[in-house]
Amino acid sequence: MDAEQNLATYNKFVAEGQNFEQSLMYPQALDCYTNAIDALSVAGVLQDETAKMCLCLRSKCYLKLGDHENALKDAESALDVDKEFIKGFYAKAEALYQKGDFENSLVFFQRGHEMRPDMKDFSLGKQKAREAIDNAIGDTKKCHLTVEGDLEIYFEGLEETKKGKGKGGSGQPSKKTKRGRSAKKNVPKEKSIKSMKQLLGELYTDRAYLEELMNDKSLNLGEAGQDIKSLAHEGLQYLDKRTEFWRQQKPIYARVNERKQKKAERNHRSTQHLKETKKVRTLSDSEVLNKIMHLIATATQQFNKEEFGACISTCDEVCAHMESDNEDVRSAVAVAFSMKGSCLMVKEDYGSAELAFLEDVKLSTTQEDATAKYRSLANLGRCRSSAGAFKEAGEAFKEASVHVSDPLQAAWLYHELGRCYVELGEYERALDVAEKAIDESNLADNRNWLLYANILKAQVQKKLGDRTDAVETYTTAGTIAGSLYKRSVRAAIENEKDDLRRDSIAVSNGNGYGDEDFEAGEGEENEEDAREGSGDEGTNDVENGEDLEEDQS
């Protein structure tokens, strides 16, 4: 393989590894990163500095899998390739921290911070390393050393050491002092188990289960039993390493003090709350939100069952909270107004539906959610278009186009905006948005809306007198209709093309979406095709890009 092929293989495995890593599939990601490094290595020696990034990625995977030694080796290998590689410094600092070497970890976090003060990861690393060191050594303010006291025990130890050396002994001091105190005390088993429970938390149950497997005599027979015991042993080793790490990072006494401090803070906040709030209890924001979300779910079920009257009543219960200051509650109320407007449109009560959609717009425009803004404005435009107010509908569609991000939604939106311009006789603007609808349909790879966008473009070209261009566009639309097996639509398109060819001198005076012959050929099938293109025959959803008569709630 040449260098270019090796680099292509490297990039391929790195991309696959990053996909696995994002899906939390760390063993598979580790294999991909290893293959990527091997692609740029000869006899285990890297031939390209590009692999230093992959070494850091693999180091991160090793940390996720609890293999701190290999994580540290990869980080050091990356720094061997480039001593100033900033990601290598971070990978090594993190590996040392996870390994429990907090002092050296702090050194590398500090070096990285000096090289790149703008990287927050190094600032946070310094902070957590310092906290771990402080937790390990305790509060130095409470330690006061003095030169006063009884040094009798110390001098007796020195004498015994000298006697031991004189008699050819090992020179080690006695294990017991004059006062009979042992130099080493055994920690009670109960206390060790208690501290382990506090450190492991929910993982302690898993550790107890693994110990039961290790002590199960029935697993001593057969290879399967030995394999189970081997896996259980590896699990216990990993949990014990984590326990020791957490013990160093934050000892038990530090955790106890932290709990006491948090408890005192909670008690203080509770006392203050009782003083400042009224005695009569009202629903909290979270309780109100839970109630509203339950009502939204009920309204959605009613809408899907076509129980539109009941759905409107349920939405009205939610809309009663529109004055709430809670942003999540206001967002849910906006959804309720949107659903209510859709129900009213089914009942052909376009005036009331427009009022509901206006409330949705009012609430959604105060939020940062672009999807909610698009939904509210698109539904408002759809309602006005159905009521024949094409100018106002066009304004709503145009404003909604600012917030659209999905190509399929954009294709539907520009198609509807183009129809409004046709109705208003603004053919140049209609041609412009028809082109945009075609572009967005191609991006969405949706041939249904590509068909409708091309039909709209051809009709506008015909209105403008561009007969040759209109025939070409109709030809494109006919080809798409044929690929979608829309025979009646294709036949209507062919009729339009024949009329245009026969009318080689005069300009057709047809209006609306197309000539009467075309509409007669398209008619109901066009609406059926729109539903087929959406993949959901019973749901008419603005946000999915369908030109239908119901609103997504």
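Just so you know, these numbers use all the heavy atoms, side chains as well, and skip hydrogens, waters and symmetry mates.
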Between [X] and [Y] (side chain of the first, backbone of the second, donor and acceptor by atom type, cut-off under 3.5 Å), is there such a pair?
| X | Y | answer |
| --- | --- | --- |
| T9 | Q5 | yes |
| T314 | A299 | no |
| T300 | I296 | yes |
| S324 | N326 | yes |
| S77 | K73 | yes |

Does some side-chain heavy atom of [Y] sit less than 4.5 Å from a side-chain heavy atom of [X]?
| X | Y | answer |
| --- | --- | --- |
| S376 | F357 | no |
| E69 | K99 | yes |
| E287 | K291 | no |
| M53 | K87 | yes |
| L210 | R207 | no |
| Q28 | C32 | no |
| L413 | Y374 | yes |
| F337 | C315 | no |

(message) Just checking Y26 against F20, ring centres under 6.0 Å apart?
(response) no

Say whether [X] and [Y], considering side chains only, have a donor N or O and an acceptor N or O under 3.5 Å apart.
| X | Y | result |
| --- | --- | --- |
| N446 | S441 | no |
| N70 | D67 | yes |
| Q18 | Y33 | no |

(message) Does Q237, at its CD atom, have more than 12 non-hydrogen atoms belonging to other residues, nucleotides or ligands within less than 6.0 Å?
(response)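 Count over threshold, so yes.
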
(request) Assess whether atom NZ of K373 is packed by more than 12 heavy atoms of other residues, nucleotides or ligands within 6.0 Å. (result)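 More than 12 heavy atoms, drawn from other residues, nucleotides or ligands, come within 6.0 Å of this atom.
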
Distance-only criterion, 3.5 Å: show the donor-acceptor pairs between side-chain atoms of residues 109-118 and protein atoms not counting sequence neighbours.
residue	atom	partner	partner atom	Å
Q110	OE1	K126	NZ	3.2
Q110	NE2	E114	OE2	3.2
R116	NE	D118	OD1	3.0
R116	NH2	D118	OD2	3.2

(message) Let's go through K60 and E21 carefully: what are the C-alpha distance in whole Å and the side-chain angles of both, what is the deciding distance for salt bridge (charged side-chain N to carboxylate O under 4.0 Å, His left out) to 0.1 Å, and is it a yes or a no?
(response) CA-CA 10 Å; K60 183 180 177 182; E21 189 176 346; 3.5 Å; yes

(request) State plainly whether the residues K340 and E359 are in salt-bridge range, i.e. N to O under 4.0 Å. (result)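 Not counted as a salt bridge, because no side-chain N and carboxylate O are separated by less than 4.0 Å.
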
(request) Grab the two heavy atoms, one from D82 and one from K52, that are nearest each other, plus how far apart they are. (result) OD2-NZ, 2.9 Å

(request) Please name the pair of heavy atoms, one in A36 and one in V14, separated by the smallest distance, quoted to 0.1 Å. (result)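 Where A36 meets V14 most closely, the heavy atoms are CB-CG2, 3.8 Å.
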
To the nearest 0.5 Å, tell me how far [X] [atom1] sits from [Y] [atom2].
| X | Y | atom1 | atom2 | result |
| --- | --- | --- | --- | --- |
| F108 | E103 | CZ | CD | 13.5 Å |
| E76 | L96 | CD | CG | 7.5 Å |
| M322 | R330 | CE | CZ | 7.5 Å |
| N379 | L358 | CG | CG | 11.5 Å |

(request) Quick one: do D360 and S364 satisfy side-chain hydrogen bond (donor to acceptor under 3.5 Å, both in side chains)? Show the steps, please. (result) CA-CA 6 Å; D360 183 16; S364 299; 2.9 Å; yes

(request) Go through D439 and N442 one step at a time and tell me if the side-chain hydrogen bond (donor to acceptor under 3.5 Å, both in side chains) criterion holds. (result) CA-CA 5 Å; D439 293 339; N442 283 320; 4.9 Å; no

(request) Over 60° means perpendicular and under 30° means parallel, so classify the ring planes of Y90 and F122, tilted if in between. (result) perpendicular

